[in-house]
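Working notes, beginning with the structure itself.
Lettering of chains follows the sequences in order, A, B, ..., and the numbering in each one begins at 1. Reckoned from all heavy atoms, side chains included, excluding hydrogens, waters and symmetry mates.
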Protein chains: 2
Amino acid sequence: MPLKDTGTDQLIKAAAKRLLFSEGKLHATTQDIADAAGMNRSALHYYYRTRDQLISQVFQESMTVLSLKLDQAMLSDHPFPKKVDELMDIYLTEMSEFPYEETFMVTEMNRAGHTLISKIKEGPVVSFLAEVAAEMEAGNIEKMNPVHFLINLFSLLSYPIIMSPLYQQFFQLSKNDFGKILAERKELVYRMLFKI
Amino acid sequence: MPLKDTGTDQLIKAAAKRLLFSEGKLHATTQDIADAAGMNRSALHYYYRTRDQLISQVFQESMTVLSLKLDQAMLSDHPFPKKVDELMDIYLTEMSEFPYEETFMVTEMNRAGHTLISKIKEGPVVSFLAEVAAEMEAGNIEKMNPVHFLINLFSLLSYPIIMSPLYQQFFQLSKNDFGKILAERKELVYRMLFKI
DNA sequence: ATTATAGTCAACAATTTTGTTTAATAAAAA
DNA sequence: TTTTTATTAAACAAAATTGTTGACTATAAT
């Protein structure tokens, strides 16, 4: 609502996004967010009347930006393997910076109902799935419901990042060592996906 | 602490577990839990002085029970493929009933620090990883750091269940149709893991 | 029968979190 | 210069959440 754009509201959103999506502090209060943004709590309310408004703003924008990037990759005119490679890069970049983005979305849906993401439209996913199906026909990927291909892709990349704190303990690895494992995964996942 | 065991505290823990782990209401209040357990909020405090005590009790017990089951599967003297099959069954059963168990653990760690799970000891994981390595040597699995084998297993099974609300929207599938997709995955994942 | 224990309930107090308001400041616009 | 606008700060009110207490019931043990 402010007439001059001084970027303060962007700062607030960035702080909220960092707390919620990067640090996984899903219980962050308005005070926490204000602190993280280095300002008074009333500044938050100046820009967003309520906490929920701020949250859902962050939610919506992140959603839009990410799905735009993914759409772009899916629609590019590169050959299929290159396209998958791009998709993985985009997704990995996002997940590395904001590991808890998806977790937040799901838990938020469980809290506030599915209204928040109702505006997702399939868009390029359908045409991409058709491409996947074609690759399967051509014998480059094992035949299955093409949806599985995308689910596998996202699962193999995302889950280990999300669960990283848990798995470091489980495997008794240092943060550093587990980081090395994660770094190996892009190559490994790519090979898995195209194995016949 | 009660001398007679009338099962009331079990009831409370079960309600909490259902809310947190099954329904993904990670923000559940003591009131929410009391309601779900069909009793007064003070009954909670009768058994657990504070909310945190209840939560960490639920946390610990779930953790112990699950890792016990997994350990058992990993230590069984079945041949390797059968062993993996059991592991998948156990894991799938748990995740189907409590999809948000792992999510909760991670977010709880981000909130309260890693103290909660510090008592995990590697136990049978190490010997199982050695078995995986042996299978790789024998040429039954593609060679890689054996840790990846387990990460892949858990990722491919767990992630789609956790993200189910999100992916139903993303793929524009009904709850029912997405359920069918999920049901196909055990077979599919098994094949992926052993593909050379 | 008396006593200890399990369990429930309602009321209360303390704390946290949220949202509002009002006043003050500073800078840009008219 | 006057006026608007962005921004901050402090204080306040309202709500939500948590934790405590004491009274009350029922049951099993002594």
Task: Among C:dA10, C:dT18, D:dT8, the one nearest A:A43 by side-chain distance - done: D:dT8
TODO: With the side chain of A:T50 defined as its heavy atoms from C-beta on, choose the nearest nucleotide among C:dG19, D:dA9, C:dT17.
DONE: C:dG19
TODO: With heavy atoms under 4.0 Å as the rule, sort A:T29 into base, sugar-phosphate or nothing.
DONE: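 Answer is sugar-phosphate: A:T29 comes under 4.0 Å of backbone atoms only.
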Provide, to the nearest angstrom, the distance between the [atom1] atom belonging to [X] and the [atom2] atom belonging to [N].
X: A:R51; N: D:dA16; atom1: CZ; atom2: P; answer: 15 Å
X: B:D9; N: C:dT5; atom1: CG; atom2: P; answer: 17 Å
X: B:R49; N: D:dT18; atom1: CZ; atom2: P; answer: 17 Å
X: B:Q31; N: C:dC9; atom1: CD; atom2: P; answer: 12 Å
X: A:L44; N: C:dG19; atom1: CG; atom2: P; answer: 10 Å
X: A:M39; N: D:dA9; atom1: CE; atom2: P; answer: 10 Å
X: A:N40; N: C:dA24; atom1: CG; atom2: C1'; answer: 13 Å
X: A:Y46; N: C:dT21; atom1: OH; atom2: P; answer: 15 Å

Task: Mutual orientation of the aromatic rings belonging to B:Y159 and B:Y167 [parallel < 30°, tilted 30-60°, perpendicular > 60°] - done: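 Perpendicular.
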Assess whether atom [atom1] of [X] is packed by more than 12 heavy atoms of other residues, nucleotides or ligands within 6.0 Å.
X: A:R191; atom1: CZ; answer: yes
X: A:Q72; atom1: CD; answer: no
X: B:E187; atom1: CD; answer: no

Open item on the list: Need to verify one output field. Residue with the more 5' nearest nucleotide on DNA chain C, A:H45 or B:S42?
Closed with: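 Of the two residues, B:S42 wins.
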Open item on the list: I want to check one thing: is the phosphate of C:dT18, taken as OP1 and OP2, less than 4.0 Å away from some side-chain N or O of A:T30?
Closed with: yes
Open item on the list: One thing to verify: whether A:D85 and A:K186 come together as a salt bridge, which I'm taking to mean a side-chain N less than 4.0 angstrom from a carboxylate O.
Closed with: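 Yes, A:K186 and A:D85 are salt-bridged.
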Open item on the list: Whether the side chain of B:R41 and the base of D:dG19 hold a donor-acceptor pair under 3.5 Å is what I'd like checked.
Closed with: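 Side chain to base: pair found, below 3.5 Å.
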